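One structure is given below, encoded as structure tokens.
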Amino acid sequence: MADNRSFYNEILIDHNMHPAHKHELPDADMEMRGYNPTCGDDITMKLKVQDGVVVDGAFQGSGCAISQASADMMLDLVIGKSEQEALRLADIFLRMIKSDASEEEIDELEEAGVLQDVSHMPARVKCAVLGWHTLEQMLEKKEK
């Protein structure tokens with residue numbers, strides 16, 4: 001378990017300290033703010049979508065290491081995927097946090113799967129899901 005915890009910490013710290021997707025995205029097609037008033041996590045998610053495919057994404061904001069790293073991992077995963085695939089991955093992530101996803105599904109989440117342990121930390125669940133909920137709401141709003 002110590003090795004798993006170390007791996008979890010290493011991935012979390014790397015995405016928090018060196019996020020690949022925390023920057024401006026001036027040509028974004030979609031934008032939505034996600035805010036958790038309980039702890040103050042605050043992100044603005046931006047996506048560039050062409051022909052139903054997420055071709056680029058970025059976020060800005062502030063918050064704890066889990067919220068920031070989770071948003072960065074999510075964008076790593078969904079950029080290059082169709083909007084439907086991004087929604088499917090968000091569904092898997094949200095079910096994983098509720099301990100309701102299979103191991104095969106969790107494997108599809110790649111690095112984001114390390115956040116599975118957050119499900120055992122109720123105070124941190126909202127931090128981990130903030131970016132994912134924001135993505136989901138943004139894409140579902142576009143569909144309507």
Side-chain angles (χ1 to χ4, degrees), residues 1-25 28-49 52-144:
M1 182 66 180
D3 287 338
N4 287 343
R5 175 66 59 196
S6 176
F7 185 61
Y8 163 85
N9 287 334
E10 185 179 313
I11 290 172
L12 193 70
I13 289 168
D14 186 50
H15 278 278
N16 184 52
M17 299 299 292
H18 310 288
H21 304 289
K22 190 173 185 177
H23 55 80
E24 230 349 286
L25 189 63
D29 304 304
M30 305 167 69
E31 178 177 329
M32 183 170 276
R33 180 179 182 219
Y35 179 64
N36 179 357
T38 307
C39 66
D41 291 336
D42 190 359
I43 62 167
T44 299
M45 184 78 53
K46 296 181 179 186
L47 296 178
K48 182 170 179 65
V49 178
V53 175
V54 179
V55 295
D56 203 359
F59 74 100
Q60 292 190 304
S62 60
C64 70
I66 291 174
S67 72
Q68 303 296 290
S70 183
D72 196 56
M73 286 184 243
M74 180 199 66
L75 286 168
D76 269 352
L77 191 61
V78 302
I79 292 172
K81 305 279 193 312
S82 71
E83 293 173 84
Q84 289 306 311
E85 180 67 3
L87 283 169
R88 191 181 75 78
L89 292 166
D91 177 65
I92 292 170
F93 184 87
L94 296 170
R95 286 189 296 108
M96 174 189 75
I97 294 298
K98 295 176 187 171
S99 300
D100 193 30
S102 70
E103 285 302 316
E104 292 80 18
E105 288 175 316
I106 294 168
D107 287 345
E108 290 183 63
L109 297 175
E110 299 174 8
E111 282 187 331
V114 302
L115 293 171
Q116 181 176 14
D117 285 343
V118 170
S119 64
H120 305 295
M121 300 179 260
R124 306 311 298 226
V125 166
K126 288 184 179 182
C127 306
V129 301
L130 180 63
W132 297 85
H133 275 307
T134 304
L135 172 79
E136 193 176 54
Q137 291 168 357
M138 191 177 354
L139 292 176
E140 286 174 353
K141 181 180 177 185
K142 182 181 181 236
E143 284 183 354
K144 291 181 181 178

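None of the values given here were measured: they were computed from a predicted structure. Both backbone and side-chain heavy atoms feed into the values below; hydrogens, waters and symmetry mates do not.
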How long is the gap from [atom1] on [X] to [atom2] on [Y], to the nearest 0.5 Å?
| X | Y | atom1 | atom2 | result |
| --- | --- | --- | --- | --- |
| I79 | K48 | CD1 | NZ | 12.5 Å |
| R33 | Q137 | CZ | CD | 12.5 Å |
| S67 | F59 | OG | CZ | 8.0 Å |
| I11 | D14 | CD1 | CG | 8.5 Å |
| L12 | L115 | CG | CG | 6.5 Å |
| I92 | R88 | CD1 | CZ | 4.0 Å |

Nearest atoms (heavy-atom pairs only) where [X] meets [Y]:
| X | Y | result |
| --- | --- | --- |
| L89 | K81 | CD1-CE, 4.2 Å |
| I97 | S119 | O-CB, 2.8 Å |
| T134 | M32 | CG2-O, 3.6 Å |
| G113 | I106 | CA-CG2, 4.1 Å |
| E136 | L94 | OE1-CD1, 3.4 Å |
| A128 | V118 | CB-CG1, 3.8 Å |

Using the ring pair (Phe, Tyr, Trp, His ring centres under 6.0 Å) rule, collect all pairs that involve residues 108-132, keeping only residues at least two apart or in two chains.
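Checked against ring pair (Phe, Tyr, Trp, His ring centres under 6.0 Å) - neighbours excluded - the pairs reaching residues 108-132 are F93-W132.
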
Quick one: are [X] and [Y] in side-chain contact, heavy atoms under 4.5 Å?
| X | Y | answer |
| --- | --- | --- |
| Q116 | E103 | yes |
| L47 | L75 | yes |
| M30 | M45 | no |

Set out, in order, the CA-CA distance, both residues' side-chain angles and the distance that settles side chain to side chain contact (heavy atoms under 4.5 Å, CB included) for H133 and K126, then state yes or no.
CA-CA 9 Å; H133 275 307; K126 288 184 179 182; over 6 Å; no

Any chance you could lay out the side chain to side chain contact (heavy atoms under 4.5 Å, CB included) test for Q68 and I43, step after step, and finish with the verdict?
CA-CA 8 Å; Q68 303 296 290; I43 62 167; 3.6 Å; yes

Looking at V114, D76, I66, which hits side chain to side chain contact (heavy atoms under 4.5 Å, CB included) with H15?
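Among the candidates, only D76 passes.
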
Using only atom types and a distance under 3.5 Å, with no angle test, would you say the side chain of [X] pairs donor to acceptor with the backbone of [Y]?
| X | Y | answer |
| --- | --- | --- |
| E105 | S102 | yes |
| D29 | V49 | yes |
| D72 | N16 | no |

Residue K22 excluded, over 12 heavy atoms near NZ under 6.0 Å:
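For K22, atom NZ is crowded (more than 12 foreign heavy atoms under 6.0 Å).
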
Using side chain to side chain contact (heavy atoms under 4.5 Å, CB included), reason through C39 and C64 one step at a time and then give a plain yes or no.
CA-CA 9 Å; C39 66; C64 70; 5.6 Å; no

For E85 and V54, what are the C-alpha separation, side-chain angles and deciding distance, and is it a side chain to side chain contact (heavy atoms under 4.5 Å, CB included)?
CA-CA 10 Å; E85 180 67 3; V54 179; over 6 Å; no

